Structure formats: structure tokens, C-alpha cells
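Below you'll find the structure, written out as C-alpha cells, and then a few comments.
In listed order, ligands and their atoms are each counted from 1. A quick note: this is a predicted structure, and the numbers were derived from the prediction, not measured. Heavy atoms only: backbone and side chains are in, while hydrogens, waters and symmetry mates are out.
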Amino acid sequence: YAAKDSRCGIRVYRPEDDHDTARRLALMAGLRVAVDAGTLTVVYQPKVDPATGRVLGAEALVRWQHDGRPVPPDEFIPLAEQARLIGPLTRHVLDTALADCATWRGLGHPLTVAVNLSPDMLTDSALTGQIEQALRRHGMPPEALTLEITENAIMADPTNSRRTLDALHGLGVKLSIDDFGTGHSSLGRLAHLPIHEVKIDKSFVRHIVTDRTRRAVTDAALQLARALDLTVVAEGVEEQDELDYLRRHGCHAIQGYLISKPIPPVEFLTWLTAARAGGRLPV
Ligand code: C2E
Ligand code: MG
Ligand code: MG
Ligand code: MG
């Protein structure tokens, strides 16, 4: 137990630690090359209104191929944070997402795009200026950009986060609380932040129909959101009965494999065209 737990101040040597460390170092080196070379790619997952089937926007999710294999973001984003690569990585995703969204809008799809922000970014005082410049570079109105931030990111450094959130809000971009329900913040504290949207974590959505407790979290989020004029997005919708439940309870937007997996930009445009022509969407 001590081997896994550094809280007690003891670390027991395990041979696999060396292997883990070697892998992490190799990944970090590879990631640095990819960030410098701009070879990270971005895929898009649509957000859809479950009441009308209208496509509202898309979330940008970063992808990395290392030695011919995809490395999951849950593995390399923490490494990017440790290696101080998260700033350039985020700017690359932001720039790509804004360029792609400008293209969609130019083709007559009035969509918004969402970009995920790591906790560290919230205490970076240069962030707001960089976002403002990126919007201008792509001729994008600020309200077409949503920034997704986890509640734990905000609670890690509430004072500095608050300053950044206020500055971003002042810029006119929209702020979304990602993975809602998994953190430790109360609904009451979130209500004081200049946020526009909450995203209910997929671990709640997954059991919405079968598990009373998780359904209660979702219901509470929907009620609070309505009272505060927030938009509620449900992520990880995989089943038709989940979608039906969310629609009946006034959820504003859904995302999940039931609608579409995250897909590359070219495929996304094809998907959009088909979705607009009707059909395809299970709503
Ligand atoms: P997230 O922002 O909460 O994104 C949702 C994750 O759920 C994505 O995983 C998405 O592919 C996955 N997902 C979507 N629909 C479904 C579904 O129906 N079922 C299931 N089981 N999963 C679904 P992904 O792309 O692997 O990203 C994981 C996390 O990595 C993201 O969670 C986000 O926290 C982080 N991440 C991804 N891209 C970026 C980025 O550009 N910057 C930062 N800072 N973090 C990112
Ligand atoms: Mg997200
Ligand atoms: Mg999420
Ligand atoms: Mg997540």
C-alpha cells in the first residue's frame, strides 16, 4: 500500500517505477517534438440540441500519434502540464479550433467551438490577451468561443482563477464548467462565477436511467441551471433512453457517441452537411 501512497511520506521501490519513469520521459520528449513541430491534431465532437436536433457547436479535443500509435489525452495532458508544454499545446488547439470554426461559419453553419483549458492556464496572466489576439486573427466573435474548465481547476487557486475568469468573461467568451459533479465544489460556489454553461460528467449520464443517486445529481444540475440561466450540456450520451430522459428534463445540449464520436475536421464537415439535411441524428 505504501508503494502507491506518498501521503505517508514513504515510497517503496518497485521495479515497474523505473519502467514508468522511462516511459514518461520518452513520452515527454516525443511530446515536446510534436508541440514544436505543430503535429498535434484536433478532432471535433458535436453538441446537439436534443429537442430539435440542431447542431449547436463542437468541442475541440487534441490528438497525438507517437511512434505510430495514438496516446490518450488523459495520459499526455498531465505530462504536458509537468513539462510546461501545456501553454504552447493549448495555443495550438485554440488556433486550430478557431480556424476550423471560422471555416464552418463561412460555409453557412453558425456554430460555436469549445476548447479545454488545463488548470495551469487559469493562473497564466497572458492567457486573456492571447485569446483576444487569436480571435482577431481568425475574425471570430468572442461569443463563438467557449472555454471548458473543470471545477477542480478553479478551486485549486480560487483567487487567481477568479481574476482570469472575470477577464475572459469581460472579453465576451463563454465559460463552461467541465466534468460537473466529479469535483468538490458546491453548486452555490459555482453560482458566483461568471459562467455560462455546466457540462454534466459522463459518469452521471451513464447511469441516468438506472441509478437514483446519479440521476439526482443530474436533476439538481438541471434545476440549478434553469434558475441561474445557465446552459446544461450532458456529455457521454451513448444510449437512446439517456437522450430521451435528458430531453424530457430540459437539457439544452448533448454530446456523446450516440450522436457522434470526435472526428477529424474534414469528416466533421461531411457529418454537418448530412445532419443539416436531416436524418442521421437520433433525436
Ligand atoms: P473532456 O473535456 O471531459 O472530454 C470528454 C471526453 O469524453 C473525450 O475524451 C471524449 O472523446 C469522450 N467521450 C465523448 N463522448 C463519449 C461517449 O459517449 N462515451 C464515452 N465513454 N466517452 C465519450 P478524450 O478526447 O480522450 O479527452 C479526455 C480528456 O482530455 C478531456 O475530457 C479533457 O479533459 C482532456 N483534453 C482533451 N483535449 C484537450 C485539450 O486540447 N486541452 C486540454 N487541456 N485538455 C484536453
Ligand atoms: Mg471538455
Ligand atoms: Mg467533460
Ligand atoms: Mg472529462
Side-chain angles (χ1 to χ4, degrees), residues 31 34-35 38-48 50 57-65 69-98 100-101 112-124 127 131 134 145-154 156 174-183 195-208 217-218 221 231-243 246 253-265 268 271 282:
L31 190 57
V35 169
T39 52
L40 295 175
T41 58
V42 177
V43 290
Y44 296 97
Q45 187 177 38
K47 294 185 180 176
V48 170
E59 177 176 3
L61 294 156
V62 67
R63 292 293 180 264
W64 177 37
Q65 292 266 348
R69 265 188 240 132
V71 184
D74 285 331
E75 184 169 7
F76 74 79
I77 293 288
L79 293 179
E81 288 167 351
Q82 286 160 33
R84 297 177 157 278
L85 290 168
I86 195 66
L89 181 151
T90 304
R91 288 192 285 278
H92 174 75
V93 174
L94 185 69
D95 213 54
T96 308
L98 289 174
D100 286 332
C101 189
T112 62
V113 75
V115 171
N116 292 282
L117 285 190
S118 279
D120 291 0
M121 303 300 296
L122 281 189
T123 50
D124 179 350
L127 179 71
I131 289 176
L145 176 66
T146 300
L147 299 169
E148 298 191 4
I149 307 154
T150 64
E151 42 186 299
N152 286 342
I154 296 165
K174 292 179 172 166
L175 301 172
S176 172
I177 302 296
D178 205 348
D179 300 348
F180 181 73
T182 60
I195 58 169
H196 172 264
E197 176 182 287
V198 288
K199 291 188 79 173
I200 300 169
D201 191 68
K202 54 180 178 285
S203 59
F204 294 94
V205 173
R206 178 82 327 100
H207 301 276
I208 211 169
V217 172
T218 309
T231 300
V232 183
V233 183
E235 65 170 33
V237 177
E238 292 184 1
E239 306 290 339
Q240 184 70 48
D241 53 3
E242 295 162 358
L243 184 150
L246 291 161
I254 53 164
Q255 269 185 300
Y257 296 167
L258 182 66
I259 303 295
S260 170
K261 292 203 166 179
I263 46 181
F268 182 71
W271 182 91

At under 4.0 Å between heavy atoms, which part of Glu59 makes contact with ligand 1: side chain, backbone, both or neither?
side chain
So for ligand 1, is Arg206 a polar contact partner (N or O within less than 3.5 Å, distance only)?
no
Proximity winner for atom 8 (C) of ligand 1, if only heavy atoms of Ile149, Leu61, Leu258 are counted
Leu61
Does Val62, backbone or side chain, put an N or O under 3.5 Å from an N or O of ligand 1?
yes
Considering only heavy atoms of Asp74, which atoms of ligand 1 have at least one such atom less than 4.0 Å away?
28 (C), 29 (C), 30 (O)
2.8 Å cut-off met by an N, O or S atom of Asn116 to the Mg ion (ligand 2):
yes
Check this for me - ligand 1, Glu238, N or O atoms closer than 3.5 angstrom, yes or no?
yes
Within the 4.0 Å heavy-atom cut-off, what Asn116 brings close to ligand 1 is both
At a threshold of 2.8 Å, where the distance has to be below it, does the Mg ion (ligand 3) have an N, O or S atom of Glu235 nearby?
yes
Backbone or side-chain N/O/S of Asp178 under 2.8 Å of the Mg ion (ligand 3)
yes
Does an N or O from Thr90, backbone or side chain, lie closer than 3.5 Å to an N or O of ligand 1?
no
Starting from the Mg ion (ligand 2), look over the N/O/S atoms of Glu59 and name the nearest one.
OE2
